[in-house]
Amino acid sequence: INRHDWGVENGSMKQILLWCSFFEIMTMPALVQMLNGQGDRVPGDFCFDPLGLGKDPAKLAVFKVNEVKNGRLAMCAVSGAIHHAAITNQNLVEQLTSGNVIPKF
């Protein structure tokens, strides 16, 4: 939690806000087209498949489910890291190097 305040004072949180805003602004035209039914784009499809992994529709369906599961697992992991940092007042690296993996109450 102290890291957030440090990030705001340091300016790194502003940089994250800037890049996230830039990405949102750049994808806004495609989002508006999708919502109005003008394009064939589906949510989450950025048409980036340089290896051609999505050519087979059956495999593509499996990849989509795996991506959703991976995203949910990542959200749980980040949530756990945030709560653990709030309990111990140490970031992840400090916790691992000090051996403070299980909080002591």
Side-chain angles (χ1 to χ4, degrees):
I1 296 178
N2 295 333
R3 305 287 186 217
H4 174 269
D5 297 336
W6 177 82
V8 171
E9 292 171 3
N10 185 17
S12 57
M13 295 298 278
K14 292 177 186 174
Q15 186 176 10
I16 291 172
L17 177 66
L18 174 76
W19 286 108
C20 288
S21 300
F22 174 75
F23 181 72
E24 289 293 326
I25 290 169
M26 293 305 293
T27 59
M28 189 57 67
L31 179 65
V32 171
Q33 286 179 355
M34 180 189 64
L35 292 175
N36 291 333
Q38 297 171 348
D40 58 350
R41 183 178 177 270
V42 295
D45 184 16
F46 294 103
C47 298
F48 181 74
D49 189 14
L51 300 177
L53 298 174
K55 290 180 180 176
D56 183 16
K59 286 185 179 180
L60 182 61
V62 171
F63 287 145
K64 286 181 179 181
V65 171
N66 289 343
E67 184 67 23
V68 170
K69 289 181 179 180
N70 182 39
R72 290 178 181 164
L73 183 61
M75 287 187 281
C76 289
V78 169
S79 175
I82 290 170
H83 285 89
H84 207 264
I87 291 172
T88 61
N89 289 326
Q90 295 177 326
N91 66 21
L92 184 63
V93 175
E94 291 170 345
Q95 291 172 19
L96 292 175
T97 56
S98 70
N100 190 13
V101 180
I102 299 174
K104 297 172 185 147
F105 297 102

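- Residues Lys14 and Leu18 fail the side-chain proximity criterion, which asks for heavy atoms closer than 4.5 Å.
- Under the ring-ring contact (aromatic ring centres under 6.0 Å, His included) criterion, no residue pair touches residues 57-82, with sequence neighbours excluded.
- Atom OG1 in Thr27 sits 5.0 Å away from atom CD in Glu24 (nearest 0.5 Å).
- Under the ring-ring contact (aromatic ring centres under 6.0 Å, His included) criterion, Phe23 pairs with no residue, sequence neighbours left out.
- No donor-acceptor distance shorter than 3.5 angstrom exists from the side chain of Asn70 to the backbone of Asn66, with no hydrogens or angles considered.
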Inset, instruction - Could you walk me through whether Met13 and Leu17 pass the side-chain contact (heavy atoms from CB on, under 4.5 Å) test, one step at a time? - result: CA-CA 6 Å; Met13 295 298 278; Leu17 177 66; over 6 Å; no

Mind listing the side-chain donor-acceptor pairs of residues 54-62 below 3.5 Å, one per line with the distance, residues two or more places apart or on another chain?
none

Inset, instruction - May I have the step-by-step check of side-chain contact (heavy atoms from CB on, under 4.5 Å) for Val32 and Met28, ending in yes or no? - result: CA-CA 6 Å; Val32 171; Met28 189 57 67; 4.2 Å; yes

